[in-house]
Chemist: 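Questions regarding the structure given below will be posed in turn.
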Amino acid sequence: MSSELSPEEPSIIPIGKSQNSEAGLAPLLLTVIELVRQLMEAQVIRRMDAEMLSDEELDRAAESLRQLEEQVIKLCEVFDIDPEDLNLDLGEIGTLLPKSGEYYPGEKSESPSVLELLDRILNTGVVLDGSLDLGLAELSLIHARLQLVLTSKPISQSYRSQESE
C-alpha cells in the first residue's frame, strides 16, 4: 500500500483524535474558543492578584468563565470530541494550552505553552507595525498598513490621540 494520497482521499489532517467525521471545523473552533477562554481566565487571575477587581466583578467574571467552560464541554459532547484533544501538540513549539494545574499567571515555567506566552505578551503589551501586500498572477491587489496594539491594559488617551495625528 502506497503512503501517497490518492485524489479521492482528503489531504487535510483532522485536528484531535475524534473519530466523528461529522465534526467538520468544530474541533478547530472549539480549540480557539478554549484558548481565548483560558487567556481571559489568566487575565482575571492577574487582576484578582493585583486587587484590581471588586468582589462583584470577580464573581461576574468567574460565573461567565464557568458558563463558557460548561458550553465548551457540552459542544465537545455534541460533536463527540474529547476535551483533551483541544490541547494541540505543536511539536517543538510545545502545546497550545498548559496541562491542568501546571500554570498560574505570573509564574514562569520551563517549557511554556502558547497560551502562557500569549498571556505574558498581553500582560506586558506589544505593538506590531507593518504592511501587507496581497497579489495574484503578478498583480498587486490588496495593500494594507497594519498597526496593532496587543495588551490587557487600557490604552491611554494620549496614545490614541498620538496615533490619530
Side-chain angles (χ1 to χ4, degrees), residues 12-18 20 23-132 144-165:
I12 298 173
I13 299 169
I15 293 174
K17 299 173 187 122
S18 174
N20 184 356
L25 290 175
L28 177 60
L29 183 58
L30 287 170
T31 297
V32 171
I33 291 170
E34 183 60 13
L35 174 67
V36 172
R37 185 194 71 77
Q38 287 193 29
L39 271 173
M40 289 190 296
E41 182 176 15
Q43 292 304 309
V44 167
I45 291 169
R46 284 181 181 277
R47 291 177 187 195
M48 176 189 70
D49 287 349
E51 298 181 1
M52 296 171 62
L53 297 175
S54 69
D55 288 343
E56 180 185 328
E57 290 171 324
L58 185 57
D59 288 343
R60 281 195 334 255
E63 179 60 20
S64 295
L65 288 167
R66 186 195 62 73
Q67 287 177 7
L68 184 54
E69 182 178 26
E70 193 175 280
Q71 289 301 313
V72 168
I73 291 169
K74 283 181 185 177
L75 286 170
C76 282
E77 290 171 5
V78 167
F79 289 103
D80 191 26
I81 300 167
D82 183 350
E84 293 294 319
D85 289 344
L86 300 181
N87 189 6
L88 304 177
D89 183 351
L90 303 171
E92 290 181 20
I93 296 172
T95 59
L96 183 67
L97 306 170
K99 292 181 179 157
S100 182
E102 286 191 9
Y103 176 66
Y104 190 85
E107 294 180 2
K108 295 185 180 189
S109 61
E110 289 183 29
S111 56
S113 65
V114 171
L115 177 123
E116 293 173 64
L117 296 173
L118 289 172
D119 177 47
R120 290 179 197 167
I121 288 170
L122 281 173
N123 190 53
T124 315
V126 66
V127 176
L128 303 173
D129 190 356
S131 60
L132 176 69
R145 172 109 169 93
L146 307 170
Q147 205 167 41
L148 173 69
V149 177
L150 186 61
T151 181
S152 63
K153 297 177 173 72
I155 298 173
S156 70
Q157 187 63 36
S158 63
Y159 180 79
R160 285 189 210 144
S161 62
Q162 263 181 335
E163 291 302 311
S164 62
E165 293 174 358

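This structure is a prediction, so every number in the text was calculated from the model and none was measured.
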Chemist: Who are the salt bridge (Lys or Arg N to Asp or Glu O under 4.0 Å) partners of Asp129, not counting sequence neighbours?
Modeler: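 Asp129: salt bridge (Lys or Arg N to Asp or Glu O under 4.0 Å) contacts with Arg145.
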
Chemist: Can you establish whether the number of heavy atoms outside Asp55 located under 6.0 Å from its atom CG is more than 12?
Modeler: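 No, CG of Asp55 has 12 or fewer neighbouring heavy atoms, counting only those of other groups under 6.0 Å.
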
Chemist: Is any side-chain heavy atom of Ile33 less than 4.5 Å from a side-chain heavy atom of Gln71?
Modeler: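 In short, these two side chains do not touch, never coming nearer than 4.5 Å.
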
Chemist: Between Leu35, Leu96, Leu30, Val32, which is the residue that forms a side-chain contact (heavy atoms from CB on, under 4.5 Å) with Leu86?
Modeler: Leu30

Chemist: Does the side chain of Leu29 reach to within under 4.5 Å of the side chain of Phe79, using non-hydrogen atoms?
Modeler: no

Chemist: Assess the residue pair Val114 and Ile93 against the criterion (side chain to side chain contact (heavy atoms under 4.5 Å, CB included)); give the C-alpha distance rounded to whole Å, side-chain angles, the decisive distance to 0.1 Å, and a yes or no.
Modeler: CA-CA 8 Å; Val114 171; Ile93 296 172; 3.9 Å; yes

Chemist: Given Arg66 and Glu63, is the salt bridge (charged side-chain N to carboxylate O under 4.0 Å, His left out) satisfied, shown in steps?
Modeler: CA-CA 5 Å; Arg66 186 195 62 73; Glu63 179 60 20; 2.5 Å; yes

Chemist: More than 12 heavy atoms of other residues, nucleotides or ligands under 6.0 Å from CD of Glu51: yes or no?
Modeler: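 Counting other residues, nucleotides and ligands, CD of Glu51 stays at 12 neighbours or fewer.
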
Chemist: Taking all heavy atoms of Arg120 and all of Pro112, pick out the closest pair and write down the distance.
Modeler: NH2-CB, 3.9 Å

Chemist: Rounded to the nearest 0.5 Å, how far does CD1 of Ile81 lie from CD1 of Ile73?
Modeler: 12.5 Å

Chemist: Side chains of Met40 and Ser64: does their closest heavy-atom pair fall under 4.5 Å?
Modeler: no

Chemist: Do Ser113 side-chain atoms and Glu116 backbone N/O form a donor-acceptor pair below 3.5 Å?
Modeler: yes

Chemist: Go through the steps for Arg46 and Leu122 under the test side chain to side chain contact (heavy atoms under 4.5 Å, CB included), then give the verdict.
Modeler: CA-CA 11 Å; Arg46 284 181 181 277; Leu122 281 173; over 6 Å; no

Chemist: Compare all side-chain heavy atoms of Leu39 with those of Gln43 and state whether any distance is below 4.5 angstrom.
Modeler: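 A side-chain contact is absent here, since even the closest heavy-atom pair is not under 4.5 Å.
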
Chemist: Find out whether Val44 and Leu53 are in side-chain contact, i.e. whether some heavy atom of one side chain is under 4.5 Å from a heavy atom of the other.
Modeler: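 Val44 reaches Leu53 side chain to side chain.
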
Chemist: For the residue pair Met52 and Glu57, establish whether any side-chain heavy-atom pair is separated by less than 4.5 Å.
Modeler: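 In short, these two side chains do not touch, never coming nearer than 4.5 Å.
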
Chemist: Please determine if Arg37 and Glu34 form a salt bridge, counting it only when a charged side-chain N lies under 4.0 Å from a carboxylate O.
Modeler: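 Counted as a salt bridge, because a side-chain N and a carboxylate O are separated by less than 4.0 Å.
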
Chemist: Quick one: does any side-chain atom of Thr95 pair with a main-chain N or O of Asn87 as donor and acceptor, under 3.5 Å?
Modeler: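 Checking the backbone N and O of Asn87 against the side chain of Thr95, no donor-acceptor pair under 3.5 Å is found.
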
Chemist: Just how far is it from atom OG1 of Thr151 to atom CD1 of Ile121, taken to the nearest 0.5 Å?
Modeler: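 So the OG1 of Thr151 and the CD1 of Ile121 are separated by 11.0 Å.
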
Chemist: Before accepting this row, confirm whether a basic side-chain N of the pair Lys74/Glu77 lies closer than 4.0 Å to the acidic partner's carboxylate O.
Modeler: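 Result for this pair is no, no salt bridge flagged.
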
Chemist: Quick one: does Glu56's side chain get under 4.5 Å of Arg60's, heavy atoms only?
Modeler: yes

Chemist: Kindly indicate, with the supporting measurements, whether the criterion side chain to side chain contact (heavy atoms under 4.5 Å, CB included) is fulfilled by Glu41 and Ile45.
Modeler: CA-CA 6 Å; Glu41 182 176 15; Ile45 291 169; 4.2 Å; yes

